[in-house]
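Everything on this sheet refers to the single structure shown next.
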Amino acid sequence: MSRKNAVPAWPVIGLTFDGDMAVADAAGVGEPIRVAAYPDLATAAGAAAAAAARRLNVPRCRVQGVTPDGDVWMMVVDAEAETLEELETGGEEKQARRGSSFFRGRLSTVPRQWWLVIGVSVVAAVAIAVVVVPRGMLPTPVVGKPAAVDEAPAPDPGQLPVSSPTGWDTYARWVIEAEKPGAAAILAGRDVMVLADGADVIAVDAKTGRQLWRSGTAGNVTALYAPADSDVIYAARSNTGVSVIDRSTGKVLTNGETSARNIVLGDVPFAELPGQAGAVLVGRSWERRQVPATAVPIGTVGEGLVSVSVEQSSVWVTTSDSPVLPEAVALGAPAEGLSLSRIVAFVDGRLILAWADRFGPKTYTVDAVDEAGRLTRESTFDATGRSSGTATVDASAGLVGIGSLLLDLDTGTVTEAEQGTVTARAGFGWTEQSGDDRVRISPDGTTLPMRSGAVIPDVILPDGRAVVRAAHGSDGNAYYVLEVQQPTPTATPEPSPTDGKGE
């Protein structure tokens, strides 16, 4: 790599095109910079990228250009000269460039820093807004399933095409393409991340992104779960079954077919079946459980299926397919005059219920449930006048979003957003309303503002990086692993003539 092109990996400016405008995103700092194509789109691209570099207070930095058809080009911008040039990455890049004889022939007499400018100008002349770099300069995509981690290449870095979540940069250390990423990424221990791509389940090294294995299941995967202290991964396929996969090898142990109304993953997955019945996945097979009349199955405790009846204010834990049901356990109202109004959520053996009087919701309760059906009340909190939409659950962090509330089950802390619905995910609460009031809520109650269009992470890795799903190109999708956002350098004020002197 030449000294001239030795630029750090961060920050990375995103460069895209919107009609006759060049749009540069200064690594998430401030709003994107838009420059009209005058006198041409090439000049606008250089000017926009240079303005973004100046905002970041760097003389030279990396630029990732994304074309409308999804091609990605890595470049370097010179903030003073307002020029773009190719990014040299060493032997691989030089070898690839030797294959681009067409561009070398056309541009051999032109200084290298103008290759991109002229390329963009030529394309702009025919009204196609793209950043042009010889295609041979890009690494060849790896096709197939690596046999061993040592042979698996690390995925390429990239730039998130949408606003990043608060706390993370738009620069992605690596990007894994997925045609149908229908399930949120999960962690299986500290070192392995598990992803879904249509009917495939993929395990990658959480530090490097190198693929460990890829396995096909019996249908499109809609949810993933890795039980703690277990050697399997569960992959739900909508309401048609659960595939059980060996965590180390990726071998599909069973495809666990069933016909269910709903399937929920957990340490022991369960399925709600037609005919007032349920089933739990024990090992590699489903075991049927009877569900009492008027009750609905909500989760499992061990191998027992937990069912709750709002009408009867009762809970049952059934551990076999016996037609003789266990004794019902009454759900105690938190105060006189309140009746059970709805089941909010069931998280890691804890039952969250809403209680109301004739004027509306009044109290939420949290009760621990054991396999014998015993209840232990852990906490109560006020629900008066608060919205009661569908709850979202982040089981690994013990968080529940209930309307405008974020509940931390481990500490009993409740935080209320000023407006909007809270989604619990990746260890935080994220409000969904549009506008400047959108926030990210920490379990301790602190909040940070967010952009209205920012994506919400699936999971946060042990080293602090966030994993998100977003579009990749014109018709693709991908998992992006985002770096923790670096602080923007601030100028040190000049000392005042009176500093350190007496009055």
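Values below: every heavy atom of this structure, side chains too, minus hydrogens, waters and symmetry copies. Note that the structure is predicted; figures quoted are calculated from it, not measured.
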Side chains of residues 276-292: which donor-acceptor pairs under 3.5 Å do they make with residues two or more places apart or in other chains?
unit_1: Q276; atom_1: NE2; unit_2: P292; atom_2: O; d: 2.7
unit_1: Q276; atom_1: NE2; unit_2: A295; atom_2: O; d: 2.7
unit_1: W286; atom_1: NE1; unit_2: G256; atom_2: O; d: 2.9
unit_1: E287; atom_1: OE1; unit_2: R289; atom_2: NH1; d: 3.4
unit_1: E287; atom_1: OE1; unit_2: R289; atom_2: NH2; d: 3.3
unit_1: R289; atom_1: NE; unit_2: E303; atom_2: O; d: 3.3
unit_1: R289; atom_1: NE; unit_2: T318; atom_2: O; d: 3.4
unit_1: R289; atom_1: NH2; unit_2: E303; atom_2: O; d: 3.0
unit_1: R289; atom_1: NH2; unit_2: T319; atom_2: O; d: 3.4
unit_1: Q290; atom_1: NE2; unit_2: Q276; atom_2: O; d: 3.2

**Message:** side chain to side chain donor-acceptor pair (under 3.5 Å), that's the test. Do S320 and S322 meet it? Break it down for me.
**Reply:** CA-CA 5 Å; S320 72; S322 170; 4.7 Å; no

**Prompt:** Any side-chain donor paired with an acceptor under 3.5 Å for T294 and S309?
**Reply:** yes

**Asked** Any donor and acceptor pair, going by atom type alone, linking the side chain of S341 with main-chain N or O of A354 inside 3.5 Å?
**Response** yes

**Request:** I would like to know whether R350 and D410 meet salt bridge (charged side-chain N to carboxylate O under 4.0 Å, His left out); could you show each step before the answer?
**Result:** CA-CA 11 Å; R350 286 175 284 194; D410 296 328; 3.4 Å; yes

**Request:** Say whether, by atom type as modelled, one donor and one acceptor occur between the side chain of Y480 and the main chain of A471 under 3.5 angstrom.
**Result:** yes

**Message:** Checking F428 now: which residues fulfil ring pair (Phe, Tyr, Trp, His ring centres under 6.0 Å) with it, not counting sequence neighbours?
**Reply:** W430

**Asked** Ignoring hydrogens and geometry, is there a side-chain-to-backbone donor-acceptor pair from T222 to A236 under 3.5 Å?
**Response** yes

**Message:** Using a 3.5 Å distance criterion without hydrogens, assess whether the side chain of R173 forms a donor-acceptor pair with backbone atoms of V481.
**Reply:** no

**Request:** Check whether any side-chain N or O of R451 sits under 3.5 Å from a backbone N or O of S163 as a donor-acceptor pair, and report yes or no.
**Result:** no

**Fill in**
The complete set of salt bridge (charged side-chain N to carboxylate O under 4.0 Å, His left out) pairs with one or both residues in residues 418-427, sequence neighbours excluded, reads R425-D458

**Complete:** Heavy-atom closest pair (G216 atom, V252 atom, distance to 0.1 Å) is O-CG2, 3.4 Å

**Asked** Under the side-chain contact (heavy atoms from CB on, under 4.5 Å) test, which residues partner T376, sequence neighbours left out?
**Response** A368

**Request:** Using side-chain contact (heavy atoms from CB on, under 4.5 Å) as the criterion, list what pairs up with V329, not counting sequence neighbours.
**Result:** V315, L375

**Request:** For D357 and G360, indicate whether the former's side chain and the latter's backbone hold a donor-acceptor pair under 3.5 Å.
**Result:** yes

**Request:** Apply side chain to side chain donor-acceptor pair (under 3.5 Å) to the pair S396 and D394, showing each step before the final yes or no.
**Result:** CA-CA 6 Å; S396 61; D394 179 6; 3.1 Å; yes

Show every donor-acceptor pair shorter than 3.5 Å between a side-chain atom in residues 257-275 and any protein atom, with sequence neighbours excluded, or say none if there are none.
unit_1: E257; atom_1: OE1; unit_2: R237; atom_2: NH2; d: 3.1
unit_1: E257; atom_1: OE2; unit_2: R237; atom_2: NH2; d: 2.9
unit_1: D267; atom_1: OD1; unit_2: Y225; atom_2: OH; d: 2.9

**Asked** Just by distance, do the side chain of Y479 and the backbone of A196 share a donor-acceptor pair under 3.5 Å?
**Response** yes

